Novice: 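Structure in structure tokens, see below.
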2 protein chains.
Amino acid sequence: MLRQRIFSQALRPGQRLDEAALAADLGISRTPLREALKILSAEGLVHIKPRRGCFVAELTLDDLEEIFPIMAMLEGRVAFEAALKAGPDELKRLDALHEKLEKHAAARDVDRYYEVNYVFHNALQELAGNRWLQHMIGDLRKLLRLSRHRSLKLEGRQQESLAEHRALMAALHGRDAAAAEDVMKRHLLAQLVALRRMTARQEAA
Amino acid sequence: MLRQRIFSQALRPGQRLDEAALAADLGISRTPLREALKILSAEGLVHIKPRRGCFVAELTLDDLEEIFPIMAMLEGRVAFEAALKAGPDELKRLDALHEKLEKHAAARDVDRYYEVNYVFHNALQELAGNRWLQHMIGDLRKLLRLSRHRSLKLEGRQQESLAEHRALMAALHGRDAAAAEDVMKRHLLAQLVALRRMTARQEAA
DNA sequence: ATGCGATATTTTGTATACAATTTATTGGCT
DNA sequence: AGCCAATAAATTGTATACAAAATATCGCAT
């Protein structure tokens, strides 16, 4: 419940969390709430300052600059492993998801595109079959949800993203693991570049 | 305190943790103990099975096979960044640490070697200056401490490790980031190979 | 003797109560 | 009026108490 509220921005980055009030709001007592907060703290979604309170974490552009290259490595590795392990059935499943991406992009449906994109990356991770890699990526992805920047809304970014996905599919079909890794890395780093453009624009306004 | 007890094997992998008994033993009540267990759970050091209890996590060789390649990537990246950012002063500090490694290796002092090795890798991480990268590596390193395998005790492994460190220092001095990354990756993967040899030997016995 | 079922005990999960510390408020002083 | 100190309120951290569920024990029948 807490994670949901943080992701939905009902609890805003930087905001202080009053335990009594939050517990009452969630309809539970402080004991389980505090246990939940400790977990979120370990995940990096909140920061606990002893004796001072609990605050929703904030991601600066600097954090994104550090996190995206790591994501690029990890997801790149996923693409590499997936390319090695993808059988015909799995490729078909990925193709089907990619088709959906193409459709939602054509319809300019950003929300659905994000949704399917998420499913696609997840499918790839399962294919790669490295549970710890999945775990690490999952942790970082949760963190990234703190920054509500949706780079796809940028002019032309959705088309770029789609092109990167096409290149990835080509590499997977060609069983070219190195190419898949490379494409995926670029895909993630391109997102970072887009985010930079967005924040630059926001600061200008 | 809990982490210490897990690392020192006072609490063994797979062992069930009785909350009341542990709390009494630590001289605290169940409330803060449970909060601590939730944190350890998020870190992967324990597994909480709802309504059934808390168990110290176990790392199989399969887990190590998955984790080490990730560590290789992350630490490789650290080496890359560190090579770019290392100034003369920082290089001197690393040299001093490396000297200690040489000394402890010559004295066959495995424990001190591990200790200094830890400090060395930490110094490199600070140099690289990516907090999130440091965070991720730290998380994985904590996990690895669950497996009490100390590959340096293997015949010749310490000399190999030392040689890898020498190659790393050379790359750092030469400001060759790509070489540093490559050496570091190999260093981590060589550890995995050593661990494989160890477990194979253990299973034979 | 062994397996099953009902009861008793233990153990986890949650709520409440209290202690310790921090933050807010009030009154007095310059 | 503004600032500081002392006190009051609120908030975090911990302990205890209770509810719900799982595990263990005991008795009974086969």
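Values in this document were obtained by computation on a predicted structure and should not be read as measured data. Computed over heavy atoms, backbone and side chain alike; hydrogens, waters and symmetry mates excluded. Every chain is numbered from 1, with letters handed out A, B, ... down the list of sequences.
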Novice: Using a heavy-atom cut-off of under 4.0 Å over every strand shown, decide if B:Leu17 touches base, sugar-phosphate, or nothing.
Specialist: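 Sugar-phosphate contact only.
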
Novice: B:Leu37 CG to C:dT11 P: how many Å, rounded?
Specialist: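 For the pair B:Leu37 CG and C:dT11 P, the rounded distance is 15 Å.
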
Novice: Is it true that A:Glu160 and A:Arg157 make a salt bridge, defined as a side-chain N closer than 4.0 Å to a carboxylate O?
Specialist: yes

Novice: Tell me the closest heavy-atom pair linking B:Gly44 and B:Leu146, and the distance in Å.
Specialist: O-CD1, 4.2 Å

Novice: At under 4.0 Å, does any side-chain N or O of A:Arg52 touch on OP1 or OP2 of D:dT11?
Specialist: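 No, A:Arg52 has no side-chain N/O under 4.0 Å of OP1/OP2 on D:dT11.
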
Novice: Is A:Ser29 near enough to C:dA15 that one of its side-chain N or O atoms lies under 4.0 angstrom from OP1 or OP2?
Specialist: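 Result: yes.
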
Novice: Would you kindly compare B:Asp18 and A:Arg51 by the position of their nearest DNA chain C nucleotide and give the one closer to the 5′ end?
Specialist: B:Asp18

Novice: Give the rounded distance in Å between these two atoms: CD1 of A:Ile48 and C1' of D:dG13.
Specialist: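 These atoms are roughly 11 Å apart.
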
Novice: Taking only side-chain N and O atoms of B:Arg34, does any of them lie within less than 4.0 angstrom of OP1 or OP2 on C:dG13?
Specialist: yes

Novice: With nearest nucleotide decided by heavy atoms, which residue, A:Pro50 or B:Lys49, maps closer to the 5′ end of DNA chain C?
Specialist: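 Result of the comparison: B:Lys49.
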
Novice: Separation of B:Phe55 atom CZ from D:dA22 atom C1', in whole Å?
Specialist: 12 Å

Novice: Salt-bridge test for A:Glu43 and A:Arg3: reply yes if a basic N is under 4.0 Å from a carboxylate O, no otherwise.
Specialist: yes

Novice: D:dT11, OP1 or OP2 - any side-chain N/O from A:Arg16 closer than 4.0 Å?
Specialist: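 Negative; the distance criterion is not met.
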
Novice: In whole Å, what is the span from the CG atom of B:Leu26 to the P atom of D:dT14?
Specialist: 13 Å

Novice: Under 4.0 Å between a Lys/Arg side-chain N and an Asp/Glu carboxylate O for A:Asp25 and A:Arg5?
Specialist: yes

Novice: Is B:Arg131 salt-bridged to A:Glu66, cutoff N-O under 4.0 Å?
Specialist: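 Result for this pair is yes, salt bridge flagged.
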
Novice: Atom CD1 of B:Ile28 to atom C1' of D:dT16: distance rounded to whole Å?
Specialist: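 From B:Ile28 CD1 to D:dT16 C1': 14 Å.
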
Novice: Whole angstrom is fine here: how far is it from CD in B:Glu35 over to C1' in D:dG13?
Specialist: 8 Å

Novice: How close or far is atom C1' of D:dA22 from atom CD of B:Glu19, stated in whole angstroms?
Specialist: 13 Å

Novice: In whole Å, I'd like the distance from the NZ atom of A:Lys38 to the C1' atom of D:dT14.
Specialist: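 It works out to 11 Å between those atoms.
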
